[in-house]
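Before any comments, here is the structure.
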Amino acid sequence: MIDKFVRSMAEAMNGIRDGSTVLMAGFGEVGSPHALLDGLIEQGATNLTVVINSTGRVRNPSQPAQGLPRLVELGRVRKVITSFVRNHSVVGDAVRDGVLEAEVVPQGTLAERIRAAGAGVPAFFTPTGAGTLVAEGKEVRDYDGRACILERALPGDVALVEAWMADRWGNLVFRDASRNFNPIMAMAGKLTIVQTHHVCDLGQLPANEIVTPGIFVDRVLHVAAGDPTLPR
Amino acid sequence: MIDKFVRSMAEAMNGIRDGSTVLMAGFGEVGSPHALLDGLIEQGATNLTVVINSTGRVRNPSQPAQGLPRLVELGRVRKVITSFVRNHSVVGDAVRDGVLEAEVVPQGTLAERIRAAGAGVPAFFTPTGAGTLVAEGKEVRDYDGRACILERALPGDVALVEAWMADRWGNLVFRDASRNFNPIMAMAGKLTIVQTHHVCDLGQLPANEIVTPGIFVDRVLHVAAGDPTLPR
Amino acid sequence: MSEGLKPLGRVGMAARAARDIPEGWYVNLGIGIPTLIADHVPAEREVVFHSENGILGVGPAPEAHKQNPWLVNASTQRISLRPGGSFVHHADSFAMVRGGHLDLCVLGGFQVAENGDLANWSQSAAEVGRQIGGAMDLAVGARQVWVTMEHTTKDGRPRILRQCSYPLTAPGCVTRVYTNLAVLDVVGGRGFVVTDIIPGLSFEELQARSEAVLHRA
Amino acid sequence: MSEGLKPLGRVGMAARAARDIPEGWYVNLGIGIPTLIADHVPAEREVVFHSENGILGVGPAPEAHKQNPWLVNASTQRISLRPGGSFVHHADSFAMVRGGHLDLCVLGGFQVAENGDLANWSQSAAEVGRQIGGAMDLAVGARQVWVTMEHTTKDGRPRILRQCSYPLTAPGCVTRVYTNLAVLDVVGGRGFVVTDIIPGLSFEELQARSEAVLHRA
């Protein structure tokens, strides 16, 4: 019987290696796999490359860092690939201090590169970023009279995903705006690990409503995580 | 008020011009916009390029040609882009006789080229077809030790789509395997025309279950078309 | 500037831009002033707002007791969803943007040049903070790109320029600018064409606050 | 061939291949003999079958009164859907194929070469009919590519070759071949390795029916 549910965080995190590229879903705290990020912090893998839309808020001394900023504080991250780095954030300061590399890319290019990795497209052209700093060092070619740059797929060794409901085949649905990067990161992860709010029997999720089919999912952990909070 | 419903086939077909590229959805008669194909035959546009997964069965004298084969019989099609041409079919015979050009491509490449057009990707690399006849005349480049060929996006001037349910914003859902090429052709058509089995009030289709958001749809015609039949 | 002259405030700029959005358009509103535009489109005029995080049909901010924590816009503000709204994943959301399906995006700006170049994400290539977000995709992908910004910087330097000095968001993308003083179309081969000025300000006074040469409509 | 020898029929080849598919694999079955494989995977062994037209979790052919006209496989046969099955559009369906997510595809074949080259869609580049379908995507994208075919053509010419003479489906893709006479692994740097032969047929007799040099396991 196929059963992708794991029974513990240790089992969920098992085998994540130093040097891995980790895709972290979520947008504005919604759809972020917070429990799995805590689990990764606990698990210990280091020298990571992290792919994440946004790298965190301006430092707030009254709020201890969590998630990616905490991993960065712990010196466990070598590089981030993201669309957003703020000055005076944990990540921004680490970049300024030269202890963290940041590749900052347009958000749509980030999403398309992740999707390309999941879909077996090694590289594609896009007009986004042409004629800007983003184009530096990239191949440029005209299509339909428009300068386009060549972008590479962005696969992950690991993808950390949050779902609303899941079944034992790993079929997933998402709640409202929590969908965001989750389906495409699930596609692009060699090892896709999911935390789900709810567990369904097989067949309970209607076939026409499944957003991420289980083929893209390796492990599912049931975490009743509660509602997302607004960013601090 | 946004209202994408049109009241007649003539209105649905209005403005389709000679020389257009027309995307036709469907797979194995399921999800095929048969009524719109009849409408296009009636409408009269000619010198068309047709993008369709499969170009029809072996000729059967007891069954008059419909859809694409009928358009070809009428001399209205200049070129087909497809994954499947059979010998002794209407399309195959027209290709043999030199009156129709056929570009036959792998089915996944066809789907990805259509999706690329909808997503603003003018060209992408893929390993599919490398080292085969499909690669002839195409740029080849190695990625991750694998030969890949450069494929172009495939946009349509018109996309003909079949939905199960639609609302006045053009939001669509599809029934079971009728989804196939419909969502990506809706994305890739400059003018996307839909025939729908059922009409919904706005808000009746749950936001999490809409497969094609109305932004990809221009016109919707209500056609109670009945169940698909098995291919003849 | 003439005495008693009333430059538009943030809300005034948003309201002015809102007037020009036709029914049926698909529109993405950037962070800041553009976000305010949605409140000024008349309720009876159906405009479909897109948010980068995969939402089509963004509605107004809900009352406190109706907030849905799972529903935020690209500025991470809690929002509502209109009937007919839908959710997609991030690649599909940007397929809408990059595939040319949005009729319009309205972005904030630091600088706009007469050739349509936009700078709105960084004041220096050397800066560590890089807040690109979805702006480059929107600037390239939307059919129309409008910018709302103050006509000059706080210390009076022009933002309507011959050439941008800040890193570009995208070259040649801007089609119209709404400032606190005027509305300017960006016309290929001609540059800035002034289509509206606030009462009491002359064309010459507007020109004096702009680096680029302005043209009369 | 020895008297009384019983080469496998179409069902026999399908059943032989079915034996080797482990639980939990995601598998695409091509048109023809491969389609028969699903019926020979034991009911208690969960294998998830994919169909190019956007179906995951293909189940057996339904009884006549339970047929769903909206549910056909890539061979346009009416099928059923297992609990846990799902639908996606064509680009997402081929993302599964091309993105390396399928553990296995089983394809029909005209010819397989010792370097793993497969020819299965056309017997001549000059032919008008070109039935490529999804075979090239599957051959390149699936982690394992198995081929089921008769060991020789109807007139006795070998299909297990040093080099394919027909147009290729994909170079170097095949990992195993199930014929009516044997099971052959394709091993990089070595070529065909025979892992199973039907009772009563000797290795030498198998070699005599093959153009490529065969190796013992």
Side-chain angles (χ1 to χ4, degrees), chain B residues 25 27-31 53-54 82-89 92-93 95-97 102 104-116 118-119 126-134 146-147 164 174-185 187 211-212 226-231, chain D residues 51-55 58 67-81 85-100 117-119 121-141 164 166-173:
Chain B
F27 186 101
E29 305 294 313
V30 178
N53 180 59
S54 182
T82 181
S83 82
F84 227 88
V85 173
R86 284 188 177 81
N87 289 317
H88 313 300
S89 62
D93 290 351
V95 172
R96 178 201 61 201
D97 297 342
V104 187
V105 304
Q107 196 172 130
T109 294
L110 185 69
E112 189 69 19
R113 289 175 64 191
I114 295 165
R115 189 256 169 204
T126 176
T128 296
T132 79
L133 290 177
V134 163
R146 209 167 195 191
W164 180 241
F174 305 93
R175 181 166 171 181
D176 301 346
S178 78
R179 193 179 299 198
N180 59 65
F181 281 91
N182 283 294
I184 54 174
M185 287 188 170
M187 290 171 70
V211 172
T212 292
D227 288 346
T229 53
L230 286 176
Chain D
S51 182
E52 287 97 307
N53 53 330
I55 311 174
V58 173
Q67 286 197 356
N68 172 354
W70 301 82
L71 192 44
V72 299
N73 65 10
S75 310
T76 66
Q77 299 162 324
R78 288 196 180 151
I79 55 166
S80 61
L81 191 74
S86 55
F87 298 104
V88 295
H89 63 53
H90 237 85
D92 281 349
S93 178
F94 277 91
M96 295 176 190
V97 173
R98 294 153 64 106
D117 287 2
L118 170 65
W121 65 278
S122 171
Q123 304 191 17
S124 155
E127 203 177 356
V128 163
R130 289 194 166 192
Q131 308 194 12
I132 296 178
M136 288 190 181
D137 308 287
L138 286 160
V140 167
C164 294
Y166 293 165
L168 292 190
T169 305
C173 62

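Side chains included, hydrogens not; waters and symmetry mates left out as well; all remaining heavy atoms used. Keep in mind the model is a prediction, meaning the values are calculated, not measured. Letters A, B, ... mirror the listed sequences (proteins, then strands); counts begin at 1.
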How long is the gap from [atom1] on [X] to [atom2] on [Y], to the nearest 0.5 Å?
X	Y	atom1	atom2	answer
D:N53	B:N53	CG	CG	9.0 Å
D:F87	B:F174	CZ	CZ	13.5 Å
D:N68	B:D227	CG	CG	8.0 Å
B:S83	D:R130	OG	CZ	13.0 Å
B:L133	D:T169	CG	OG1	10.0 Å

For residues B:E29 and D:T76, determine if any side-chain heavy atom of one lies less than 4.5 Å from a side-chain heavy atom of the other.
-> no
Is the shortest heavy-atom distance from the side chain of D:F94 to the side chain of B:Q107 under 4.5 Å?
-> yes
Can you name the salt bridge (charged side-chain N to carboxylate O under 4.0 Å, His left out) partners of B:R96, sequence neighbours left out?
-> B:D93
Aromatic plane relationship, D:H90 with B:F27 - under 30° parallel, 30 to 60° tilted, over 60° perpendicular | tilted
Taking [options] one by one, which has the highest count of heavy-atom pairs under 4.5 Å against chain B?
options	value
D:G54, D:A119, D:A135, D:G134	D:G134
D:V128, D:N73, D:L168	D:V128
D:H89, D:Q131, D:Q77	D:Q131

Side chain, backbone, both or neither of [X] within contact of chain B (heavy atoms, under 4.5 Å):
X	result
D:V72	both
D:A170	backbone
D:A74	both

Using a 4.5 angstrom heavy-atom cutoff, name the option from [options] with the most pairs to chain D.
options	answer
B:I114, B:V104, B:L110, B:V105	B:V104
B:H88, B:M185, B:R146	B:R146
B:T132, B:V30, B:T82	B:T132
B:N87, B:V134, B:D176	B:D176

Where B:A130 and D:P171 come nearest, the two heavy atoms and their spacing | O-CD, 3.4 Å
Partners passing side-chain contact (heavy atoms from CB on, under 4.5 Å) against B:T128 (at least two apart in sequence or in another chain) = B:P106, B:T109, B:T126, D:R98, D:M136, D:D137, D:V140
